[in-house]
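A short write-up of the structure that comes next.
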Amino acid sequence: FFLSVDALSQTVTVTVHCRGVFQSKVTLSALSETGTFKPVNGMNGINSGATALLVVEERYLPGEFVLRFDYKESPASAPYPSEKRVMIGTQDLELWVNPKYCNDPDSTWFQPGETENSALSEFARESFEQKEQINLLQQFLADYDDTGSKLYRQCLREYEKRRLVYNEWLAGRKERDRDLFVSSLYSMQYIPETRWGGTEEERLTSIIDHYFDGADLSDPALTRTTALTGWIDAYVNLHGQMATTAALRDSLFPAAAGKAIEKAREGHPEVYGWMVDYFYRGFEINNIPAGMKALEPYLNDPDCLTSRRKEIARRLEGIETLVPGTKAPEIRLNSPDGVPFSLYGYKPSARYILLLFWSADCSHCREIMQSVYPLQQQPEIREKLSVVAVSLDEMEPEIQLWQKAVQAYGDWIHLRTEDGVRSKVAADYYILSTPQMIVLDAGTREIIDLPGSAEDLRDIIQQKMLNDD
């Protein structure tokens with residue numbers, strides 16, 4: 001493949017020339033707000049030696065892209081995919097590609113003088129070479145048991161010297177490449193100060209405290225890269241190592257969000273908004289109400305360009321509305337057989353009802369179902385707790401998955417909303433994502449608890465249901 005990018009007004013044109021395969025489909029995808037790559041242009045049927053022209057709109061630039069090749073080695077063969085990550089700024093590009101080896105520099109290369117990808121490749125190579133020795137020193141300092149020895153002190157001095165030298169090199173390389181989009185990624189490789197010689201928890205706390213020391217979040221184009229997500233994932237995972245209980249998780253993660261968002265607030269409004277969106281998704285998926293409340297102060301800040309303002313406000317309203325002691329909203333839906341169901345007309349023999357909102361194509365939902373079902377099926381629990389599982393699947397492929405999945409949970413009551421998260425049931429229960437669980441008193445339909453995980457539900461069963469005469 002040959003790829004050239006010509007600037008046309010406010011767009012970039014990508015020209016693709018194919019070689020080494022019989023034919024290929026070429027697709028260029030940009031990073032979306034949800035963190036997935038979505039196609040922005042493409043062409044089918046590009047034969048070996050032929051050319052495709054792809055135009056990239058200004059709103060995607062600069063950014064990280066994926067070039068996908070669905071190639072056929074012969075007229076009769078099935079298409080086979082390959083992908084290559086590319087950074088596109090404002091420069092015209094040429095890229096010769098054999099789709100079978102699109103990440104092999106011997107088979108795929110940019111034109112002489114290409115800047116963004118060449119600079120990033122050079123930076124990654126040199127950074128790795130310098131960090132290789134630093135990583136060895138880090139490992140020694142973390143594992144060596146005699147922190148008072150001469151050897152340990154010598155290693156500590158050598159580590160600190162190399163850390164400072166590396167960070168100085170990093171600053172110099174960022175300045176050298178300051179006109180390139182990829183230079184905004186360099187600061188994520190900054191090596192923060194670390195407290196060695198203490199406990200593992202003290203070391204983690206030190207890394208967390210200094211994580212953003214070298215950060216530069218002033219470039220909005222950062223939000224169009226996977227590097228930003230990976231960098232914040234690593235920051236959150238540091239807190240995860242310390243979150244040994246659900247209670248610790250619910251306190252550490254909101255604190256992590258606050259620090260990260262405040263740092264982003266010092267940068268570009270788009271990065272600031274992206275950071276709020278990032279933590280919203282995490283808190284919503286993992287059902288951490290304290291995290292949602294931590295986002296509330298940013299909703300009225302006009303400088304915060306979050307795309308989730310309405311969802312966060314809605315979730316906060318739900319946190320205040322659906323609380324233990326309040327009546328659960330009515331649910332009126334039909335069973336898979338078309339039999340009308342009313343929550344307030346439902347008369348189970350069990351004293352408690354678990355409302356479980358889920359989606360068949362949601363991996364986290366499947367994990368919850370696979371944990372909750374055998375738990376609820378235990379005879380002493382089954383007589384105490386009945387389950388009403390409400391699916392929010394609305395697309396035909398999802399519905400087919402749901403129809404197949406419910407067969408494994410045959411004695412539960414299964415319902416499905418027609419409009420998913422836009423349905424009245426989802427609105428009444430403030431369901432913005434799945435899974436969500438709510439435990440009700442079967443007699444009064446009052447909310448007893450809102451477990452955030454299968455472990456939370458297990459605790460509720462043991463502490464309340466099994467001890468309830």
Side-chain angles (χ1 to χ4, degrees), residues 64 84-85 87 103-106 116-178 180-217 219 222 225-244 248 252-253 255-256 259-260 263 278:
E64 179 180 355
K84 181 176 180 62
R85 298 287 178 96
M87 298 294 186
N103 292 297
D104 184 342
D106 292 331
E116 297 284 356
N117 295 277
S118 298
L120 184 59
S121 178
E122 179 186 358
F123 170 80
R125 182 177 64 254
E126 294 183 15
S127 176
F128 175 81
E129 291 172 356
Q130 294 194 53
K131 278 191 168 182
E132 191 171 20
Q133 295 301 313
I134 295 174
N135 290 338
L136 290 174
L137 292 168
Q138 284 180 329
Q139 193 64 48
F140 175 84
L141 292 170
D143 295 342
Y144 198 64
D145 59 353
D146 189 358
T147 59
S149 68
K150 181 179 179 180
L151 176 61
Y152 189 88
R153 292 195 301 271
Q154 287 176 334
C155 182
L156 185 58
R157 286 194 295 270
E158 181 65 19
Y159 168 80
E160 191 61 19
K161 182 182 76 174
R162 287 178 180 262
R163 183 183 77 86
L164 294 174
V165 168
Y166 175 84
N167 287 339
E168 288 176 3
W169 170 83
L170 191 70
R173 181 54 60 92
K174 182 174 173 62
E175 174 63 22
R176 191 199 75 173
D177 296 342
R178 65 183 181 276
L180 299 179
F181 149 62
V182 295
S183 68
S184 64
L185 308 179
Y186 296 174
S187 66
M188 297 179 196
Q189 297 301 315
Y190 181 89
I191 303 176
E193 181 181 336
T194 303
R195 179 183 177 184
W196 300 101
T199 64
E200 181 179 358
E201 183 176 344
E202 289 172 336
R203 190 159 56 248
L204 284 173
T205 300
S206 172
I207 295 171
I208 290 170
D209 289 344
H210 294 280
Y211 195 85
F212 296 106
D213 284 1
D216 180 3
L217 303 180
D219 188 347
L222 282 171
T225 71
T226 56
L228 181 58
T229 300
W231 186 59
I232 297 300
D233 282 348
Y235 169 71
V236 171
N237 288 338
L238 290 171
H239 294 77
Q241 293 178 50
M242 300 175 67
T244 53
L248 270 176
L252 287 172
F253 287 170
K259 184 172 182 179
K263 182 62 182 180
Y278 172 92

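In what follows, every heavy atom counts, from backbone to side chain, and hydrogens, waters and symmetry copies are set aside. Quick note: residue numbers are just sequence positions, from 1.
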Inset, instruction - Determine, step by step, whether Tyr190 and Asp216 satisfy the side-chain contact (heavy atoms from CB on, under 4.5 Å) criterion, reporting the C-alpha distance in whole Å, the side-chain angles of both residues, the deciding distance to 0.1 Å, and the verdict. - result: CA-CA 10 Å; Tyr190 181 89; Asp216 180 3; over 6 Å; no
To the nearest 0.5 Å, what is the distance between [atom1] ([X]) and [atom2] ([Y])?
X: Gln139; Y: Ile134; atom1: CD; atom2: CD1; result: 14.5 Å
X: Glu64; Y: Thr226; atom1: CD; atom2: OG1; result: 3.5 Å
X: Arg163; Y: Glu168; atom1: CZ; atom2: CD; result: 10.5 Å
X: Leu156; Y: Tyr144; atom1: CG; atom2: OH; result: 13.5 Å
X: Gln241; Y: Leu252; atom1: CD; atom2: CG; result: 11.5 Å
X: Ser206; Y: Leu238; atom1: OG; atom2: CG; result: 11.0 Å

Legend entry - Donor-acceptor contact present, side-chain Ser121 to main-chain Asn117, <3.5 Å: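 Pair absent, no side-chain N/O of Ser121 close to backbone of Asn117.
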Legend entry - Any donor-acceptor pair under 3.5 Å from Glu193 side chain to His210 backbone: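 Side chain of Glu193 to backbone of His210: no pair is present.
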Do the side chains of [X] and [Y] get close enough for a salt bridge, i.e. N-O under 4.0 angstrom?
X: Glu122; Y: Arg176; answer: yes
X: Asp209; Y: Arg195; answer: no
X: Arg157; Y: Glu160; answer: no

Inset, instruction - Check Thr147, Asp145, Leu151 against Ser149 for a side chain to side chain contact (heavy atoms under 4.5 Å, CB included) and give me the one that passes. - result: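 In the set Thr147, Asp145, Leu151, the residue that makes a side chain to side chain contact (heavy atoms under 4.5 Å, CB included) with Ser149 is Leu151.
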Legend entry - Residue pair Asp146 / Tyr152, side-chain heavy-atom distance below 4.5 Å: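 When only atoms from C-beta onward are counted, Tyr152 and Asp146 do not touch, as no gap falls below 4.5 Å.
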Inset, instruction - For the residue pair Leu228 and Tyr278, establish whether any side-chain heavy-atom pair is separated by less than 4.5 Å. - result: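 The answer is no; the side chains never approach within 4.5 Å.
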Inset, instruction - Decide side-chain contact (heavy atoms from CB on, under 4.5 Å) for Leu217 and Leu222; before the verdict, give the C-alpha distance in whole Å, the side-chain angles of both, and the deciding distance to 0.1 Å. - result: CA-CA 8 Å; Leu217 303 180; Leu222 282 171; 4.0 Å; yes
How close do [X] and [Y] get, counting heavy atoms only, and between which atoms?
X: Trp196; Y: Ala142; answer: CZ3-N, 3.8 Å
X: Thr225; Y: Phe181; answer: CG2-CZ, 3.5 Å
X: Val182; Y: Glu116; answer: N-OE1, 3.0 Å
X: Ala119; Y: Asp177; answer: CB-OD2, 4.1 Å
X: Arg203; Y: Thr194; answer: CG-CG2, 3.7 Å
X: Lys131; Y: Gln189; answer: NZ-OE1, 2.9 Å

Inset, instruction - Answer yes or no: does atom CD of Gln154 have more than 12 heavy-atom neighbours from other residues, nucleotides or ligands under 6.0 Å? - result: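 More than 12 heavy atoms, drawn from other residues, nucleotides or ligands, come within 6.0 Å of this atom.
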Inset, instruction - Give a yes or no on whether the ring-centroid distance for Tyr235 and Phe212 is below 6.0 angstrom. - result: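 Yes, ring centres under 6.0 Å apart.
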Inset, instruction - With sequence neighbours left out, write down each residue that passes ring-ring contact (aromatic ring centres under 6.0 Å, His included) with Phe123, or none if nothing qualifies. - result: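 Partners of Phe123 under the ring-ring contact (aromatic ring centres under 6.0 Å, His included) test: Trp169, Tyr186.
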Inset, instruction - Could you walk me through whether His239 and Ile208 pass side-chain contact (heavy atoms from CB on, under 4.5 Å), step by step? - result: CA-CA 8 Å; His239 294 77; Ile208 290 170; 3.5 Å; yes
Inset, instruction - Apply the test side-chain contact (heavy atoms from CB on, under 4.5 Å) to residues Leu185 and Trp231: give CA-CA distance (whole Å), side-chain angles for both, the deciding distance (0.1 Å), then the verdict. - result: CA-CA 10 Å; Leu185 308 179; Trp231 186 59; over 6 Å; no
